[in-house]
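Read the structure below first, then the notes.
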Amino acid sequence: MSTAMNFSSKSFKPRPPDKGAFPLDHFGECSAFKERFMECLRESGYESGACRQRAMAYLECRMERQLMANEPLEKLGFKDLIDEKSEENQEKF
């Protein structure tokens, strides 16, 4: 029983989050994007799938203003929306 309570045998080593820490938006640079996303969530009964375009716009705003690390939107789960945009642009030409 004494071995189960012995915490000194293994030391806890904290590790940073996978995506790293990012600063809060203290100056409200992306608050309009956030509010549009939150409004969409309320209107859709908090169905996040209906608000993916707005979520993507919010994350793009944060990346553009160095409020989070730049990540390809495909890695953030928006590959299908990016593909739709590129198809729409090709249809216009």
Side-chain angles (χ1 to χ4, degrees):
M1 185 174 256
S2 64
T3 58
M5 299 302 284
N6 187 358
F7 294 110
S8 64
S9 63
K10 290 186 177 181
S11 63
F12 176 72
K13 294 183 181 179
R15 64 179 186 85
D18 291 337
K19 296 289 182 185
F22 52 88
L24 297 175
D25 189 4
H26 292 290
F27 300 112
E29 296 176 75
C30 296
S31 62
F33 291 95
K34 180 187 77 173
E35 288 304 317
R36 283 189 287 251
F37 174 67
M38 295 304 296
E39 178 184 341
C40 178
L41 284 177
R42 285 188 291 272
E43 290 173 357
S44 69
Y46 296 93
E47 178 61 44
S48 62
C51 305
R52 291 183 66 230
Q53 288 280 358
R54 293 182 184 180
M56 184 173 72
Y58 174 62
L59 292 175
E60 285 177 317
C61 176
R62 289 191 59 86
M63 286 187 279
E64 288 170 2
R65 289 161 178 81
Q66 307 296 309
L67 294 171
M68 67 181 281
N70 280 325
E71 290 276 346
L73 291 170
E74 294 87 356
K75 284 184 70 178
L76 297 175
F78 297 107
K79 183 175 180 358
D80 58 327
L81 296 179
I82 295 168
D83 291 342
E84 287 176 14
K85 277 186 178 180
S86 64
E87 287 175 10
E88 288 175 9
N89 288 340
Q90 289 176 356
E91 289 175 4
K92 289 180 183 178
F93 291 112

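Here D80 pairs with R52 in a salt bridge; the nearest charged N to carboxylate O distance falls below 4.0 Å.
From F33, atom CZ reaches atom CZ of R62 across 12.5 Å, with rounding to the nearest 0.5 Å. Within the model, atoms CD of E39 and OG of S44 stand 10.5 Å from one another, a figure rounded to the nearest 0.5 Å. The SG atom of C61 lies 11.5 Å from the NZ atom of K34; values are rounded to the nearest 0.5 Å. The CG atom of L41 lies 10.0 Å from the CD atom of E43; values are rounded to the nearest 0.5 Å. Taken from CD in E35 to SG in C30, the straight-line distance is 12.0 Å, to the nearest 0.5 Å. Atoms CD and CD, from E60 and E71 in turn, are 13.5 Å apart once rounded to the nearest 0.5 Å.
Closest approach of G28 and S31 over heavy atoms only: O-OG, 3.0 Å.
By the 4.5 Å heavy-atom criterion applied to side chains, Y58 and R54 are not counted as neighbours. Residues L76 and M56 have side chains not in contact (no heavy-atom distance under 4.5 Å, counting atoms from C-beta outward). At least one side-chain heavy atom of F78 sits less than 4.5 Å from a side-chain heavy atom of L59. The closest side-chain heavy-atom distance from I82 to E74 is below 4.5 Å.
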